[in-house]
Amino acid sequence: MHVVIERTSPTPIYLQISQQLRQSILDGEPPSGAKLPPERRLAKLLGVNRTTIVNAYRELAADGLISGQVGRGTVVIFGARDADAAADVTAWPRVNGQHPLDNGASTLDGDFNDGSTRSRQSSVPWAQLFTAVTDVMDDPLLRDAMTVSARPDVIRLATGIPAPELYPIDAIRQIFDQALDNAGSTLLQHTPTEGYPPLREQLAGWMERQAAIAGASVVVEPNQIVVVAGSQQGLYLLARTLIDPGDLVAVESPTYLGAAQVFRAAGARLMPIPIDGDGMQVDLLQDLLPRRRPKLIYTLPTFQNPSGTVMAMGRRLRLLDLAARYQIPVIEDDPYGALRYDGRALPTLATIDRAEGRGNVIYLSTVSKMLFPGFRIGWISGVKPVIEQVTLMKQLVDLDTNALAQRAVCAFFERGLLDEHLALVNRVYPQRRDRMLEALRQRAGDLISANRPDGGIYLWCRLNEGIRVRDLLPEAAREGVIFAPGESFHVDAASGRGRFDIRLNFTLPNDSELDEGIRRLSVAIQRLADRLDPAAHASATRPLTPIV
Ligand code: PMP
């Protein structure tokens with residue numbers, strides 16, 4: 001559910017909100033039976049007065065789309081099935097202001113009070129029909145963050161997107177023109193499911209060069225590569241290929257939430273392994289392996305999302321030894337490895353594994369963070385049986401990856417444009433990282449601490465003084481800034497881990513947005529700190545563990 005407020009629009013804000021909610025409800029999202037956020041909370045998230053939301057909800061109630069009930073909050077009472085029939089709900093005949101399908105009842109009750117199974121207007125019990133997969137996406141904190149993120153007045157520090165003003169648009173235009181002129185009719189057909197062959201060659205060569213930069217030597221064959229529609233699709237294909245319901249998957253804690261969701265959607269149970277400043281605590285994994293045999297180990301050893309940590313070389317070697325000893329495959333997710341600003345590159349797990357003649361690591365990367373996410377081009381590299389299975393799975397999903405985008409990415413590699421672009425962003429991004437760190441230090445240095453990652457695009461920060469992220473989020477929304485909540489990166493939600501952590505992206509905002517974003521965030525943090533009751537404060541204050 002996204003609501004965008006146009007403050008310069010002549011349409012009153014309450015009507016803007018009700019109109020957008022109305023459209024979403026007609027589109028079936030949120031579905032009948034779903035609860036809308038409480039008025040006070042939505043008001044905070046959207047940065048408006050509570051009365052504005054009260055008025056917006058009144059409009060929707062008058063349209064017969066929602067109903068307020070004591071003890072249950074505001075519930076959608078209109079099913080997606082009716083959207084066509086009710087293209088204009090306001091025009092529906094009304095009896096004394098009541099919806100004719102209400103059967104005289106003024107609130108949901110009887111058949112409809114289970115809140116999930118039936119809508120008054122649809123005979124199909126939609127909520128019962130959806131697969132369990134959508135449940136794994138249900139993270140209220142993240143949903144709130146996404147709602148706030150859609151506001152045009154909000155500075156987005158939550159999303160991991162490369163700096164848009166640096167996108168090489170002229171080069172892309174030229175590449176597309178040339179490709180369409182030279183090969184338009186073939187380009188607009190299918191490519192092999194495994195990917196456009198010259199791109200597979202380029203990607204194999206890129207992996208070899210990256211290994212060389214890290215002082216290692218490895219041979220990667222093009223047939224060890226499958227091009228995928230972003231590494232998110234790669235994760236999905238791997239999950240569908242390797243995970244049966246009930247399988248255990250070891251993941252770092254915190255970890256990339258998009259991967260955790262995909263694994264859960266495939267029916268996996270997740271086994272969190274905490275990280276420290278040197279990445280996954282492999283000794284803890286080692287202790288668990290004899291008792292709990294995971295089917296897979298998923299790791300982000302280089303500039304981990306969200307924490308920015310790099311797995312130390314010793315741990316890389318031990319992890320690979322364990323994987324070999326227990327015959328467990330490792331998925332190495334590496335979107336950020338080439339975004340390095342300081343320090344020396346370590347060889348990837350895949351490189352070390354292959355150099356030792358093994359094939360236990362499945363490597364995953366993408367151009368989304370090096371270049372931009374819009375092409376949706378990523379790749380998987382692994383041994384032949386893995387590549388074959390993933391290719392079969394990909395055939396089921398989308399046959400092949402967008403040919404034009406593959407050509408364009410291939411040209412970027414062939415012409416050295418990717419290296420040029422990386423040289424540029426690797427100059428700009430550390431300046432932004434340091435600018436953000438300095439702004440945080442100056443404005444809220446006593447209330448928040450942050451790491452200084454050698455690469456990647458995020459700061460991982462810990463709030464001091466018992467300031468909880470779930471309290472900060474609505475305050476920050478009110479100020480007009482949004483971040484990624486730490487709890488969402490932990491797979492054991494009940495543990496309370498991440499309650500005081502936030503992830504800030506420093507590449508999407510330009511310098512002035514970054515300064516203003518941190519100013520707003522600091523105001524919100526300061527306000528919460530001021531409000532803390534000294535007794536609660538004392539009990540909530542924990543020893544500060546530096547996040548390095
Ligand atoms: N893996 C990690 C660790 C990520 O951070 C992301 C993007 N945030 C992805 C995979 C997905 O990237 P994409 O699908 O754009 O390639």
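These values consider heavy atoms only, across backbone and side chains, with no hydrogens, waters or symmetry-generated copies. Read the numbers this way: they start at 1 and go in the same order the structure lists the ligands and their atoms.
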Would you please classify the geometry between the [Y] ring and the [X] ring as parallel, tilted or perpendicular, with 30° and 60° separating the classes?
| X | Y | value |
| --- | --- | --- |
| Tyr458 | Tyr336 | perpendicular |
| Tyr363 | Trp379 | tilted |
| Phe372 | Tyr167 | tilted |

Would you say that Met313 contacts Pro347 through its side chain, given a criterion of any heavy-atom pair below 4.5 Å between the two side chains?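 Sidechains of Pro347 and Met313: in contact.
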
Kindly tell me which protein residues have any non-hydrogen atom under 4.0 angstrom away from an atom of ligand 1, grouped by chain and ordered by number?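 Those residues closer than 4.0 Å to ligand 1 by some heavy atom are Gly230, Ser231, Gln232, Tyr256, Leu300, Asn305, Asp333, Pro335, Tyr336, Thr366, Ser368, Lys369, Arg376.
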
Counting only heavy atoms not in Arg415, do more than 12 sit closer than 6.0 Å to its CZ atom?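 Atom CZ in Arg415 is crowded, with more than 12 foreign heavy atoms closer than 6.0 Å.
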
Test salt bridge (charged side-chain N to carboxylate O under 4.0 Å, His left out) applied to Asp276 and Arg315, step by step: CA-CA 12 Å; Asp276 62 16; Arg315 289 197 184 169; 2.8 Å; yes

